[in-house]
Amino acid sequence: MKKKSLKDLLSLATLGDLKSFVTEYARSNKRFGEKLADYLADIYLDEEEGAEELIGRLEDAFMATTNIGDRWHPYDVTDWDEVCSEAEYVLTDARRLLEMGNASAALQVCIRLIELADNEDLNYVDEMDEWGMNDLFEKCGDLLVDSISCKDLSQEEKDETVAFLRKKLRCELWNMGYLDTGDLLRRATAVSQSDESILRLLDGLISEASYESDIVKYVRQKIALLEKMGQEKKAQDVISNYLYLPDIRKDELRKTLDKKDYKKAFSLVEGGLKIAKEKGNSTMDWMEAELEIHTRMGNKPMQLALCRQLFIHHNGSMELYERLKQLVSPKEWKAFLAQLLSETKMDSWYSSSIEADIYVSENDSDQLFSLLMGDRHHTLDMFDKYALHVRNEHSSEILTEYVVMLKDYAARNMGAKHYARIRYAMESMLKIKDGKTAAHQLAGYFRETYRRRPSFMAEISKF
């Protein structure tokens, strides 16, 4: 065997080989282990040097680019796939630093990642990388909050981090939906600042918010914090100031109903209705809230009146139909329902109809038959769902219409999915009196007319 050359062997060794040797040697040699620990601690547990190597890796990753242009118009942008891959490893190492007590370094890594990623190249993140970006910045946010909550971190660093996040409230990361900077700012402030500072922050966020949903979010947080601080009067003052926001008014209404303070509840609903009308918004939410109050109070006449109004406003509703049926006496019900339906522009969808569902529930075959034969409900989907509920005396007319519609459908459509659709409708015909005979005769017509469509013939082979 040739003489061992350390230089040559080291050229072959991997990083894993060296780590294994150093670890084993440190275990058997106490003094070497202590020296190695001191050496590494000087590098990684130092607030500045600990972050330097990890931030360098992040910056290198952001130097990687990918071309999204063509040979005539080359255009390089950040390679987000490379960024996500490397940044995941960096955040993992940064969390290890936090666990070893270097919260400052972990915090610096999170801040630098946000700084680097907040650029216009975010517009070129493709769909494949979006999930990775969302996951990456969720981890970044969690690590930042865990780091800033560490008691060993100086208050100065905590304050600087909060100020940094405040500047990033409407950054590109927020705009593209990868990082909820407002929520991150709130979480970071909650674990690093006094309650009074948080209240000041929330006041600023409320005044700067552009969207009603954000204002509602911050107002709710302020109310919750004041209540936690035992400042009930101030919390109530905030609620009163923001009752013009429907969501805040509804929050207060729920609390009021839980206390059974129905007088105040009616006042809140009345105010909500007024605001909705002034803004030209729907009043149905507030009508439903009023119905809830009368239901709790057991006021049946008002329940009936409101259910009737809501049924008409909703263009029909099976839930409200069921409630109305309980509120109206059986003797008056048939006339009441007929009048109600005549005043309501009933909703119907591609394959469903509330009016038809009501007739099925009422076992009113004649009205259901008339509905199906009308233009609005005269479709294969409606027939498939509701024709079997029509009495046998109308089966001949129903089957005739089925045959006409299916012949027309077959003449206008080709392809596997259309043939499967025809087969499904023919199976629905079997549920109707004399439907088996009608389906058999229709299948004979199709075999004669479309015998050169093998996939069609296969679909109707059972008939």
- Task: State whether the side chain of Arg249 and the backbone N or O of Leu243 hold a donor-acceptor pair below 3.5 Å, judged by distance alone.
- Result: yes

Between [Y] and [X], does any NZ, NE, NH1 or NH2 come within less than 4.0 Å of an OD or OE carboxylate oxygen?
X      : Y      : result
Asp408 : Arg412 : yes
Arg112 : Glu115 : yes
Arg323 : Glu288 : no
Asp93  : Arg96  : yes
Glu99  : Arg95  : no
Lys233 : Asp237 : yes
Asp195 : Arg200 : no

Mind listing the side-chain donor-acceptor pairs of residues 163-182 below 3.5 Å, one per line with the distance, residues two or more places apart or on another chain?
| unit_1 | atom_1 | unit_2 | atom_2 | d |
| --- | --- | --- | --- | --- |
| Arg166 | NH2 | Glu208 | OE2 | 2.8 |
| Lys168 | NZ | Asp118 | OD2 | 2.8 |
| Asp180 | OD1 | Gly182 | N | 3.3 |
| Asp180 | OD1 | Asp183 | N | 3.1 |
| Thr181 | OG1 | Lys168 | O | 3.4 |
| Thr181 | OG1 | Leu169 | O | 2.7 |

- Item | Counterpart residues, side chain to side chain contact (heavy atoms under 4.5 Å, CB included), relative to Ala420 (two or more places apart) |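 For Ala420, the residues satisfying side chain to side chain contact (heavy atoms under 4.5 Å, CB included) (neighbours in sequence not counted) are Arg423, Glu459.
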
- Task: Just jot down the ring-ring contact (aromatic ring centres under 6.0 Å, His included) partners of Tyr321, sequence neighbours excluded, or say none.
- Result: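 Tyr321 satisfies ring-ring contact (aromatic ring centres under 6.0 Å, His included) with Trp333 only.
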
- Task: Can you sort out the partners of Phe311 under ring-ring contact (aromatic ring centres under 6.0 Å, His included), two or more places apart, ordered by chain and number?
- Result: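 Partners of Phe311 under the ring-ring contact (aromatic ring centres under 6.0 Å, His included) test: none.
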
- Message: If we count only N and O atoms by modelled type, under 3.5 Å, do the side chains of Ser104 and Gln108 hold a donor and an acceptor together?
- Response: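 A donor-acceptor contact under 3.5 Å links the two side chains.
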
- Message: If you count every heavy atom of other residues, nucleotides or ligands that lies below 6.0 Å from Glu270 atom CD, does the total exceed 12?
- Response: no

- Query: Is the shortest heavy-atom distance from the side chain of Tyr242 to the side chain of Val238 under 4.5 Å?
  - Reply: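 Tyr242 reaches Val238 side chain to side chain.
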
- Message: Measuring only between side-chain heavy atoms, which start at C-beta, is Leu144 closer than 4.5 Å to Ile114?
- Response: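 Yes, close enough: below the 4.5 Å cut-off.
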
- Task: Can you label the angle between the Phe456 ring and the Tyr419 ring as parallel, tilted or perpendicular, going by 30° and 60°?
- Result: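 Judged by the thresholds at 30° and 60°, the geometry between Phe456 and Tyr419 is parallel.
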
- Message: According to ring-ring contact (aromatic ring centres under 6.0 Å, His included), does anything in residues 245-291 pair up with another residue at least two apart or in another chain? List the pairs.
- Response: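 Listed by first then second residue: Phe266-His294.
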
- Query: What pairs meet the salt bridge (charged side-chain N to carboxylate O under 4.0 Å, His left out) rule with one or both residues in residues 258-269, with sequence neighbours excluded?
  - Reply: Glu252-Lys264

